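Worksheet for the structure shown next.
As the structure is a computational prediction, the values presented were derived from the model and not from experiment. Order of the sequence lines fixes the chain letters, A, B, ..., with proteins taken first and strands second; residue numbering starts at 1 for each chain.
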There are 2 protein chains.
Amino acid sequence: MTSRTTISDVARAAGVSIKTVSRVLNKERYVRPDTREKVEAAVAALSFSPSLAARSLAGKRSFQIALIHDTHSPYYIHAIQEGVWARCREAGVRMLAQPVDIAAPTLIAEIAGLIDETHVDGIILSPPISDSLLVLHELERRRIPFVRISPGTNHTLTSSVFMDDVQAADDMTTHLIDLGHRVIGFIQGHPNHMASEQRLFGYRRALDRAGVPYEPGLVHAGAFDFASGVAAAHSLLSYPHRPTAIFASNDDMAAGVLAVAHGKGIAVPRELSVAGFDDTPLAQLVWPPLTTIRQPTRELGWAAAALLFEKRDELEHRSLPHELVARASTANPTQTSALRDLTTKPVSRK
Amino acid sequence: MTSRTTISDVARAAGVSIKTVSRVLNKERYVRPDTREKVEAAVAALSFSPSLAARSLAGKRSFQIALIHDTHSPYYIHAIQEGVWARCREAGVRMLAQPVDIAAPTLIAEIAGLIDETHVDGIILSPPISDSLLVLHELERRRIPFVRISPGTNHTLTSSVFMDDVQAADDMTTHLIDLGHRVIGFIQGHPNHMASEQRLFGYRRALDRAGVPYEPGLVHAGAFDFASGVAAAHSLLSYPHRPTAIFASNDDMAAGVLAVAHGKGIAVPRELSVAGFDDTPLAQLVWPPLTTIRQPTRELGWAAAALLFEKRDELEHRSLPHELVARASTANPTQTSALRDLTTKPVSRK
DNA sequence: CTGTTAGCGCTTTCAT
DNA sequence: ATGAAAGCGCTAACAG
């Protein structure tokens with residue numbers, strides 16, 4: 001039974017005390033360069049990885065953060081996880097991806113248990129959890145740092161990262177208008193996500209600007225899933241003032257529109273233009289490929305982690321796509337950094 | 001600064017020693033029922049969750065397992081994660097979902113670091129990591145329990161869970177033959193995954209049994225992604241002996257076939273039947289919906305965790321879909337349990 | 001700049 | 001059936 005390699009082994013190998021090894025591990029100042037090198041050599045030679053358990057027990061940090069997400073939308077969660085993990089590994093921090101059910105009555109207990117069990121240093125909330133008041137209150141009560149991804153409410157009250165959904169939906173609608181469409185259907189997202197409202201707002205804003213009259217009958221409810229896209233398409237396509245284009249609030253619903261169009265023998269895009277939102281892989285797997293808007297999901301995850309690590313300055317040294325915005329909590333004075341790049345236009349695929 | 005609730009707080013509240021609380025927490029025997037109840041009441045009253053850090057430092061277990069997965073195929077990973085997590089929460093064990101890049105030269109170092117840092121009690125490997133010899137050797141060297149999901153090689157040498165790909169592919173091919181098809185194209189999966197070979201074998205076995213001659217020109221390489229499905233479809237559809245049905249080894253590639261068919265104006269399914277494999281949500285999002293085979297991905301995750309917890313007997317008390325098979329390591333004598341249910345047939349969707 | 005000492009919150013071992 | 005003491009591997013607070 002070979003027991004684990006500990007900091008004492010490293011100290012012995014390097015000929016220093018364990019405290020010095022600890023200093024090197026934690027990148028503290030006041031270590032002579034040659035001492036540091038000796039220790040680093042010993043760490044490498046023994047391929048030593050310090051026990052997180054011991055570190056969190058003894059110290060103030062656990063070197064772990066939690067990413068809390070609902071169990072739906074695999075594409076979205078996957079992209080967020082990738083982004084968060086990328087930033088975490090740079091920082092030498094472990095990411096605990098925790099699926100939860102936002103509707104579960106035990107939600108708070110589960111998150112509280114997670115925090116108590118793991119001592120995570122911070123939490124990232126992805127939508128729709130990022131808008132759960134219960135969760136937000138609990139985290140605030142425990143004074144644990146957290147960042148919300150794409151919250152629908154109170155952006156400014158807490159640290160959060162999000163894209164400009166209004167502008168993006170405006171862009172897409174404008175794109176469709178430029179294509180000559182004047183009767184444009186719109187399928188809303190799930191009411192849980194406030195992005196839904198913002199996308200609708202962007203749609204209306206673009207119509208207004210172009211002088212195209214807004215017609216409530218052209219807007220249909222949806223829930224971000226294929227089935228609601230199908231239902232909405234059936235309804236919109238039998239509307240007397242039948243739309244020549246349908247803009248769905250996400251790709252899954254847009255795929256539903258495509259399916260209905262195919263079923264009814266409506267040629268896409270000749271007789272009907274179909275637009276989605278989020279640019280999931282799905283957009284390219286359906287036929288014809290969707291005109292869609294890229295949501296910088298991976299980057300949102302990356303930025304959320306960066307913000308959590310209080311390295312907001314890093315955001316300014318990276319070019320982030322579309323309208324990714326990161327805000328820090330109002331607890332800090334200078335906190336708003338808004339970044340844009342030039343690739344904000346809707347992406348048309350052939 | 002309210003400090004954390006500890007086992008001492010619980011002990012005080014219950015009027016017992018911390019050791020007794022520990023006994024209750026660990027479900028040890030030799031605790032008087034009324035004592036146990038007092039402790040449980042105190043735990044609930046204080047909503048106490050023990051520190052995993054302290055537990056892993058002091059004890060032999062960490063109450064954590066790692067799920068190691070490659071970064072591709074969101075649907076698949078998501079389903080696996082769900083299954084593993086479901087079983088873990090039943091067991092009161094934390095799941096650490098760890099994305100890795102199988103091609104990274106640091107793969108082994110990363111996994112070793114993960115183990116050292118977190119003291120995980122066990123590891124679940126999802127494909128294609130489940131076939132990485134380097135990883136397998138490292139885990140064996142460290143004598144850490146692990147379970148492989150859908151390994152392509154040496155099923156019997158280690159604990160693993162998998163479905164019967166040969167039978168499933170045979171089923172689908174038979175289904176197509178029953179539909180009257182005699183010229184059936186086949187698109188292989190990624191060579192990394194041994195499921196690819198088995199699916200091909202099932203295809204050939206069904207052809208043989210039905211007396212349909214095997215034609216190498218009807219089999220095309222693929223890589224489990226949309227693009228390779230597109231490429232294969234172009235090739236197969238211009239083959240002199242043009243197939244009336246194409247069976248792709250997964251849904252993404254089948255979606256690629258659909259796209260090509262649509263582009264060429266080939267009517268599906270009138271002129272060409274398209275079949276997929278895995279029954280991802282994608283199968284229902286394309287048009288027309290794919291005929292596909294359900295892979296019990298979530299159940300595989302569940303079973304992998306169950307096997308890891310050495311509760312193999314549980315497998316026998318649950319009805320698992322399709323041909324889910326769980327094997328324990330040859331280190332244990334009685335290890336093979338094969339389960340089937342009746343819903344093995346390919347799923348035809350309209 | 002480096003070392004010593006005292007814990008962190010639990011489980012283990014050994015008493016009783 | 002329960003408790004007391006020791007210690008897991010590290011960091012914090014001091015010394016020097």
Check salt bridge (Lys or Arg N to Asp or Glu O under 4.0 Å) between A/E140 and all other residues, then give those that pass, not counting sequence neighbours.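 By the salt bridge (Lys or Arg N to Asp or Glu O under 4.0 Å) rule, A/E140 matches no residue at all.
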
With A/E138, which residues qualify under salt bridge (Lys or Arg N to Asp or Glu O under 4.0 Å), at least two apart? A/R141, A/R142

For A/H69, which residues count as a side-chain contact (heavy atoms from CB on, under 4.5 Å) partner, sequence neighbours excluded? A/L67, A/I77, A/Q81, A/A97, A/P99, A/S126

Reading 5' to 3' through nucleotides 9-16 of chain C, protein heavy-atom contacts under 4.0 Å coded B for base, S for sugar-phosphate only, - for none: BBBBB---

Listed partners of [X] passing side-chain hydrogen bond (donor to acceptor under 3.5 Å, both in side chains), at least two apart:
{"X": "A/S62", "result": "A/D121"}
{"X": "A/R89", "result": "B/E110"}
{"X": "B/H119", "result": "A/R4, A/S51"}
{"X": "B/D9", "result": "B/R12"}

Sequence neighbours excluded and cut-off under 3.5 Å, please list the side-chain donor-acceptor pairs for residues 52-60 of chain A, or say none.
{"from": "A/R55", "atom 1": "NH2", "to": "A/N26", "atom 2": "OD1", "distance (Å)": "2.9"}
{"from": "A/S56", "atom 1": "OG", "to": "A/L52", "atom 2": "O", "distance (Å)": "2.4"}
{"from": "A/S56", "atom 1": "OG", "to": "A/A53", "atom 2": "O", "distance (Å)": "3.4"}

Any side-chain N or O of A/T20 below 4.0 angstrom from OP1/OP2 of C/dC1? no

Please set out all donor-acceptor pairs under 3.5 angstrom arising from side-chain atoms of residues 39-47 of chain A, sequence neighbours excluded.
none

Rounding to 10 degrees, work out the angle separating the end axes of the helix from C/dC1-D/dG16 to C/dT16-D/dA1 (five pairs an end). 30°

Could you state the atom-to-atom distance from CG of A/D9 to P of D/dC8 in whole Å?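 After rounding, the reported distance stands at 12 Å.
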
Between the main-chain N or O of B/L114 and the side-chain N or O of B/T118, is there a donor-acceptor pair closer than 3.5 Å? yes

Between residues 31-42 of chain A and DNA chain D, which residues have a heavy-atom gap below 4.0 Å? none

